[in-house]
Amino acid sequence: MNYWLMKSEPGECSIDDALAMPAATVAWTGVRNYQARNFMRDAMSVGDGVLFYHSSCAEPGIAGLAEVASPPYPDPTQFDAASKYYDASAKPESPRWMLVDVRAIRRTRLVPIAELRAQPELSEMAVLKRGNRLSITPVTAAQWAVIAARLLAP
DNA sequence: GCCAACGTTGGC
DNA sequence: GCCAACGTTGGC
């Protein structure tokens with residue numbers, strides 16, 4: 001079992017949007033970074049824990065808990081000429097972009113990035129590293145435990 | 001809107 | 001394969 005932090009712009013898909021979907025599940029479309037793709041394609045397993053993070057918004061931070069809900073499969077938006085994620089070089093017989101489904105479990109209080117930075121135990125979190133731009137980053141079991149027990153406890 | 005940081009592109 | 005230019009991310 002692994003743990004991940006996945007960024008979503010709430011204007012595109014917030015934790016509440018995800019919870020409102022059938023089975024509270026969304027296909028994680030639109031990732032166009034190879035490192036992030038490789039995490040989904042090669043390293044994720046169904047049931048992995050996910051911190052649902054709101055980015056590029058007024059209050060960036062952890063907004064909910066989720067889990068990986070499918071094996072990897074081709075991102076359908078890469079083949080859709082009408083999509084902003086269209087990739088003309090990707091063909092159905094040779095897909096370039098893979099994704100997983102993510103099932104939202106619950107909304108949490110908003111844990112701002114500044115609060116994460118204030119936790120010494122989280123100083124090595126990939127998402128907090130200087131210059132980080134990855135939309136999907138690994139979370140260690142120890143980091144997950146700190147967040148779950150201290151920051152997200154009722 | 002600013003800007004640091006980093007990924008990608010493409011000429012050579 | 002190098003590397004400058006460009007584009008994107010994302011917090012502030």
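What you are looking at is a predicted structure, and each value in this text was computed from that prediction instead of being measured. Each chain gets a letter, A, B and so on, in the order its sequence line appears, and its residues count up from 1.
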- request: Show which residues join Tyr85(A) in its hydrophobic cluster (side-chain heavy-atom contacts under 4.5 Å, direct or indirect), or state none.
  value: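 Grouped by the 4.5 Å side-chain rule, Tyr85(A) forms a cluster of one, so the answer is none.
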- prompt: How does the hydrophobic cluster around Val31(A) look, that is, which other residues are in it when side-chain heavy atoms under 4.5 Å mark a link?
  reply: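 Reading the cluster by chain and number, Val31(A) sits alongside Trp4(A), Met6(A), Ile15(A), Leu19(A), Met21(A), Val26(A), Trp28(A), Phe39(A), Met40(A), Met44(A), Val50(A), Phe52(A), Val68(A), Tyr73(A), Leu99(A), Val100(A), Val102(A), Leu134(A), Ile136(A).
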message: Each nucleotide in nucleotides 2-12 of chain C should get exactly one letter: B, S or -. Can you fill that in based on protein heavy atoms under 4.0 Å?
response: -----BBBSSS
field: For Arg117(A), all residues meeting salt bridge (charged side-chain N to carboxylate O under 4.0 Å, His left out), sequence neighbours excluded
entry: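 Scan of Arg117(A) (salt bridge (charged side-chain N to carboxylate O under 4.0 Å, His left out), adjacent residues dropped) gives none.
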message: With salt bridge (Lys or Arg N to Asp or Glu O under 4.0 Å) as the rule and sequence neighbours excluded, what pairs involving residues 47-65 of chain A come up?
response: none
Pairs touching residues 94-153 of chain A that satisfy ring pair (Phe, Tyr, Trp, His ring centres under 6.0 Å), sequence neighbours left out: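 Sorted result for residues 94-153 of chain A: Tyr3(A)-Trp144(A), Tyr34(A)-Trp97(A).
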